[in-house]
Amino acid sequence: MSSPSKRREMDLMKLMMSDYKVEMINDGMQEFYVHFHGPAESPYHGGVWKIKVELPDAYPYKSPSIGFINKMYHPNVDEISGSVCLDVINQTWSPMFDLTNVFEVFLPQLLLYPNPSDPLNGEAAALMMRDRTAYEQRVKEYCQKYAKPEDVGAVPEEKSSDDELSEAEYDSDDEAMAGPVDP
């Protein structure tokens with residue numbers, strides 16, 4: 001196995017073992033989707049996006065291709081194609097970075113600190129510079145409309161049937177179903 005393919009496999013496994021939901025697109029390890037949650041303390045908080053990741057043959061020496069599948073209102077994200085304008089991915093990528101950096105550092109930083117002076121979405125950039133409050137309101141509207149958990153095929157975070165019940169929940173459920181015990 002060549003070094004780039006070993007590294008691709010390791011980085012993908014590391015991402016899968018983190019808190020991100022990863023969906024493989026085909027049998028290879030070069031294309032997949034990652035469910036990405038908007039960072040807290042940002043107008044994107046509460047939104048969930050499906051991000052398509054394509055790893056080139058020369059990964060990690062060449063950067064991954066990253067694109068939002070569901071709509072995102074942001075100066076540095078093309079609203080139609082979902083492509084991302086992010087220097088660290090497009091120009092200054094280094095093999096020292098990995099996929100976890102993309103989802104734990106680079107994308108959250110992009111959403112927390114948009115760069116309206118280098119836009120892919122001119123309307124979002126102009127609104128952000130002209131009226132920050134209106135811009136943040138538009139972001140929240142897009143989150144409500146296009147970035148709900150069901151928009152990426154995720155189930156809203158609830159207790160799943162796989163979770164174990166606490167003893168108190170277990171006991172109370174039994175009594176409610178069966179009623180009091182006869183002496």
Side-chain angles (χ1 to χ4, degrees), residues 8 11-12 15 18-26 28-154:
R8 181 181 8 260
D11 284 4
L12 187 55
L15 188 65
S18 66
D19 291 336
Y20 299 99
K21 180 169 192 242
V22 178
E23 297 174 43
M24 303 311 290
I25 292 176
N26 51 37
M29 292 190 165
Q30 292 194 249
E31 288 184 283
F32 49 91
Y33 296 114
V34 177
H35 293 198
F36 175 73
H37 295 258
E41 293 131 30
S42 81
Y44 300 95
H45 181 69
V48 183
W49 288 268
K50 186 180 241 184
I51 297 181
K52 184 175 184 182
V53 180
E54 293 180 49
L55 301 179
D57 289 335
Y59 178 86
Y61 304 104
K62 284 188 75 184
S63 65
S65 171
I66 306 288
F68 286 84
I69 298 299
N70 42 337
K71 280 192 174 191
M72 157 71 74
Y73 192 77
H74 189 285
N76 310 112
V77 177
D78 185 287
E79 188 176 353
I80 295 171
S81 72
S83 62
V84 177
C85 180
L86 184 58
D87 281 350
V88 76
I89 291 176
N90 298 332
Q91 282 113 24
T92 61
W93 177 263
S94 159
M96 290 177 17
F97 302 138
D98 65 19
L99 295 170
T100 308
N101 294 128
V102 171
F103 292 96
E104 290 185 357
V105 181
F106 306 150
L107 287 177
Q109 291 293 314
L110 179 74
L111 299 189
L112 287 165
Y113 308 106
N115 179 5
S117 61
D118 184 21
L120 279 176
N121 181 336
E123 180 201 327
L127 183 59
M128 181 184 173
M129 291 192 292
R130 190 174 64 247
D131 185 347
R132 184 72 183 225
T133 305
Y135 163 78
E136 290 184 0
Q137 184 57 43
R138 178 83 47 90
V139 167
K140 289 175 184 174
E141 289 168 10
Y142 267 60
C143 287
Q144 283 297 312
K145 197 169 185 178
Y146 304 110
K148 296 181 296 297
E150 54 269 25
D151 293 327
V152 296

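Owing to the predicted nature of the structure, the values given are computational and were not obtained by experimental measurement.
- Using a 4.0 Å cut-off between a side-chain N of Lys or Arg and a carboxylate O of Asp or Glu, K140 and E136 do not qualify as a salt bridge.
- Taking 4.5 Å as the limit, some side-chain heavy atom of E104 sits within range of a side-chain heavy atom of Y20.
- Rounded to the nearest 0.5 Å, atoms CG (N101) and CD (Q109) are 11.5 Å apart.
- Distance check, rounded to the nearest 0.5 Å: CG of L111 to CE of M72 gives 4.5 Å.
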Check your understanding: Can you check ring pair (Phe, Tyr, Trp, His ring centres under 6.0 Å) on F68 and H74, steps first, answer last?
Key -> CA-CA 11 Å; F68 286 84; H74 189 285; 8.0 Å; no
Review point. Yes or no on side-chain contact (heavy atoms from CB on, under 4.5 Å) for L99 and Y59, after CA distance, side-chain angles and deciding distance?
Key: CA-CA 10 Å; L99 295 170; Y59 178 86; 3.6 Å; yes
**Study point:** Test log, rule side-chain contact (heavy atoms from CB on, under 4.5 Å), inputs M29 and L55
**Key:** CA-CA 8 Å; M29 292 190 165; L55 301 179; 5.8 Å; no
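- Here the side chains of Y113 and N115 are not in contact, with every heavy-atom distance at 4.5 Å or above.
- Using cut-offs of 30° and 60° for the angle between ring planes, the F106 and F97 rings count as perpendicular.
- E23 is linked by a side-chain contact (heavy atoms from CB on, under 4.5 Å) to K21, Y33, H35, K50, counting only residues two or more places apart in sequence or in another chain.
- Looking at Y44, its side chain does come within 3.5 Å of a backbone N or O of Y73 through a donor-acceptor pair.
- Distance check: S83 OG to L120 CG gives 5.0 Å after rounding to the nearest 0.5 Å.
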**Study point:** side-chain contact (heavy atoms from CB on, under 4.5 Å) between W49 and C143, intermediate numbers included
**Key:** CA-CA 9 Å; W49 288 268; C143 287; 3.6 Å; yes
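- In this structure, the separation between CG on L110 and OG on S42 is 10.5 Å, given to the nearest 0.5 Å.
- A distance of 9.5 Å separates CG of L127 from OG1 of T133, quoted to the nearest 0.5 Å.
- Contact of the Q30 side chain with the E54 side chain is not registered, since no non-hydrogen atoms from C-beta on lie closer than 4.5 Å.
- Between the CD atom in Q91 and the OG atom in S63 there is a gap of 9.0 Å [rounded to 0.5 Å].
- In this structure, I51 and V84 have side chains that are not in contact, with every pair of non-hydrogen atoms separated by 4.5 Å or more.
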